[in-house]
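Comments concern the structure below.
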Amino acid sequence: MNILLTGASGYIGGHLLKELKKNHHIVAASRSTKNKENEENVEWKKVDLFSLKDVEDAMEGIDTAIYLVHSMMPSAKLTQASFMDMDAILADNFGRAAKTKGVKHIIFMSGIMPPDEDEEDLSDHLKSRKECEKILGFYGVPVSTLRAGLIIGPKGSSFPILKKLTERLPALVLPKWAYSKTAPVALDDVVAGLKALVDRDITENEVIDISHDVTTYKEMFKETAAVMNKKLPMINLPIIPVWLSKPVVRLIAGEPKELVYPLLDSLVHDMVPSKKNYMEGISNAPTPIKESIKKAFEEDKDDKKKKKSSKSIGDELKKSDVKSVQRIMIPSSWTIDQTANYYANWLSRIGYSFINTSIENEKLMISLPIFKEPILILEKSKERSSENRVLFYIRGGKFARSVEGGRARLEFRRVLDTNECLIAIHEYEPTLPWFIYKFTQARVHIIVMTLFGYETKLLAKTLDSKYLVDRTKQLADR
């Protein structure tokens, strides 16, 4: 079987790669293939998952595509986007490409969802995971979703934070979230579950929860301290809200707020496995919690011996590029093409005589009267545009570094079959000095997009209400 493994150089992906390569040919996708070497049954490919074309190229000849991606950390020198919107684009690219290239099966790693809870009440982190499940399954390729709670392993997100708090604090003041229920699972059991999904032959979407047992974060602290042979006095203070504990946890754990804050927001929920998502042989993870913690500690010690100094994602970004994503509401009757055209005309309208836009031969030119040449030149790509996605390549202008065959682009795309639209800029490199750009053009862009979002939301409410009234009247007349 030919398998595309995204996140192959990551925490879970690296372990899964070792298992799958024994019996399958793996295309291991990573944003950077530096220091990665092909080996028997493993072919490394540099893939930017924000590029639909990159994803399509990577899926050529693939039977099963495994999606282990989460974009909580910035992915450009300047990122003006929520992780929810970036995740939506990544999942959409993956689902679209899988359909185009005839992939038979998608496997997705997600998080356990709170039982019987309204989707609107979910934290942004869980909402994003749920939305990704929907987007991946939207294009008709069957999706197997493995949902896990707190994954116990030496790296990743939640457990390393819990471990650092246990290590570094002489005592714990337990806030409200420490009493929430969670379903921990060993990293090895998660990898075994994902491996088992690869061999499944399915025709429709399925969701499977995996865990060993249900406990609380307070009990997890106790178990972790016991493995460390550390006495850890605990003071119960459930009146402390999540928002107050965020900066404290971030400071003590030494992790970026982009990672810590969304995770803590999710801890207000009881995340326990659902009986309807139980599958024998996968859901019932065999490794006990204490044994999982011991193994994570042992592996962490081994990693520290081998570890070389590594840079963060942000430090490794050498390009002075910008990623900006905004989600807006549009009238239900609008196509994405109409949305893009409205945006071009709206820019000129709100800019009065200061901002001018013109469209000639599929090229959108944005100009300021103080410059002879356009500040931005964008060319619509007919080949890469479709009914629910319109793509413009940024081909030049006074405010853009133009490179022959460059990939800087502006895109408009619909989210699922809703009246939400994502407007995104990728790989844009400004010509202004970075410090000046960051505090001028970048901020103006956010203001402009916010105003545009306000107008389209108002239009959506007005036009959709009018349509509903007219439709009701038509039905009544009949």
Side-chain angles (χ1 to χ4, degrees), residues 1-71 75 86-110 129 132-148 190-208 282 313 384 389 407 426:
M1 189 185 295
N2 291 321
I3 298 174
L4 173 66
L5 177 59
T6 60
S9 56
Y11 164 54
I12 298 173
H15 285 78
L16 183 58
L17 177 62
K18 291 176 185 176
E19 293 299 317
L20 292 179
K21 70 181 181 181
K22 297 172 185 176
N23 299 306
H24 305 287
H25 176 262
I26 311 298
V27 175
S30 179
R31 191 178 177 193
S32 171
T33 53
K34 189 177 180 182
N35 301 324
K36 303 287 192 304
E37 292 183 5
N38 293 342
E39 55 184 292
E40 187 178 0
N41 286 340
V42 179
E43 175 191 357
W44 284 93
K45 273 192 181 180
K46 184 177 180 180
V47 180
D48 178 4
L49 294 175
F50 283 103
S51 165
L52 178 57
K53 188 175 186 311
D54 273 17
V55 184
E56 287 175 349
D57 291 345
M59 284 192 181
E60 196 69 54
I62 293 296
D63 301 302
T64 296
I66 303 176
Y67 188 79
L68 305 178
V69 179
H70 204 356
S71 59
S75 58
M86 291 193 291
D87 271 345
I89 289 177
L90 295 173
D92 196 56
N93 279 345
F94 208 79
R96 284 173 187 263
K99 179 185 178 183
T100 302
K101 294 299 178 179
V103 171
K104 300 179 183 69
H105 187 194
I106 292 174
I107 296 171
F108 174 45
M109 182 82 226
S110 187
R129 298 285 80 189
C132 285
E133 288 181 19
K134 290 179 181 177
I135 292 173
L136 288 169
F138 181 71
Y139 293 98
V141 179
V143 179
S144 295
T145 298
L146 186 68
R147 291 179 176 175
V190 169
V191 170
L194 290 168
K195 184 182 175 186
L197 292 179
V198 168
D199 296 323
R200 286 181 61 75
D201 184 13
I202 64 168
T203 56
E204 57 184 27
N205 299 338
E206 63 179 3
V207 175
I208 301 166
I282 296 180
I313 293 173
R384 303 302 303 170
R389 178 177 180 255
R407 291 160 42 115
H426 305 281

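Heavy-atom basis, side chains included; hydrogens, waters and symmetry copies ignored.
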Minimum heavy-atom distance between [X] and [Y], given as atom pair plus value:
X      : Y      : value
Thr33  : Lys46  : CG2-N, 3.4 Å
Lys101 : Met59  : CB-O, 3.8 Å
Leu197 : Ile282 : CD2-CD1, 3.8 Å
Ile106 : Ala98  : CD1-CB, 3.8 Å
Asn93  : Leu49  : ND2-O, 2.9 Å
Val191 : His15  : CG2-CB, 3.7 Å

Can you tell me how far apart [atom1] ([X]) and [atom2] ([Y]) are? Round to the nearest 0.5 Å.
X      : Y      : atom1 : atom2 : answer
Lys21  : Ile3   : NZ    : CD1   : 13.5 Å
Lys22  : Asn41  : NZ    : CG    : 12.0 Å
Lys36  : Trp44  : NZ    : CH2   : 5.0 Å
Asn35  : Ser30  : CG    : OG    : 11.0 Å
Leu90  : Leu52  : CG    : CG    : 11.5 Å
Arg129 : Lys134 : CZ    : NZ    : 14.0 Å

> Can you tell which of Arg31, Lys53, Arg407 makes a salt bridge (Lys or Arg N to Asp or Glu O under 4.0 Å) with Asp48?
Replying inline: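 Between Asp48 and the candidates, salt bridge (Lys or Arg N to Asp or Glu O under 4.0 Å) is satisfied uniquely by Arg407.
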>> Holding to salt bridge (Lys or Arg N to Asp or Glu O under 4.0 Å), I want the full list of residues that pass it with Arg384, two or more places apart in sequence or in another chain.
In response: Glu56
> Would you say Thr145's side chain and Ile107's backbone share a donor-acceptor pair under 3.5 angstrom?
Replying inline: no
> With distance as the sole test, does Asn2 use its side chain to make a donor-acceptor pair with the main-chain N or O of Asp63 at under 3.5 Å?
Replying inline: no
>> Around atom CG of Asp201, are there more than 12 heavy atoms from other residues, nucleotides or ligands closer than 6.0 Å?
In response: no
> If you measure only the distance, is there a donor-acceptor pair under 3.5 Å linking the side chains of Glu133 and Ser110?
Replying inline: yes
>> We want to know whether His70 and Asp87 form a side-chain donor-acceptor pair, criterion being a heavy-atom distance below 3.5 angstrom.
In response: yes
> Passes side chain to side chain contact (heavy atoms under 4.5 Å, CB included), Leu4 versus Val103? Steps please.
Replying inline: CA-CA 10 Å; Leu4 173 66; Val103 171; over 6 Å; no
> Listed by chain and number, what are the ring pair (Phe, Tyr, Trp, His ring centres under 6.0 Å) partners of His426, not counting sequence neighbours?
Replying inline: Phe50
> Excluding sequence neighbours, so at least two apart, what forms ring pair (Phe, Tyr, Trp, His ring centres under 6.0 Å) with Tyr67?
Replying inline: Phe94, Phe108
>> Could you check whether any side-chain heavy atom of Leu194 comes within less than 4.5 Å of a side-chain heavy atom of Ile12, counting everything from C-beta outward?
In response: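 Side chain of Leu194 against side chain of Ile12, heavy atoms only: contact under 4.5 Å found.
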>> If we check side chain to side chain contact (heavy atoms under 4.5 Å, CB included) with Thr64, which of these qualifies: Met1, Arg200, Lys104, His24?
In response: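 The single option meeting the side chain to side chain contact (heavy atoms under 4.5 Å, CB included) with Thr64 is Met1.
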>> Checking Val198 against Ile66 for the side chain to side chain contact (heavy atoms under 4.5 Å, CB included) test, could you report, in this order, the C-alpha distance in whole Å, the side-chain angles of both residues, the deciding distance, and whether it holds?
In response: CA-CA 9 Å; Val198 168; Ile66 303 176; 4.0 Å; yes
> Does the pair Tyr139 and Asp92 meet the rule for a side chain to side chain contact (heavy atoms under 4.5 Å, CB included), with working shown?
Replying inline: CA-CA 9 Å; Tyr139 293 98; Asp92 196 56; 2.4 Å; yes
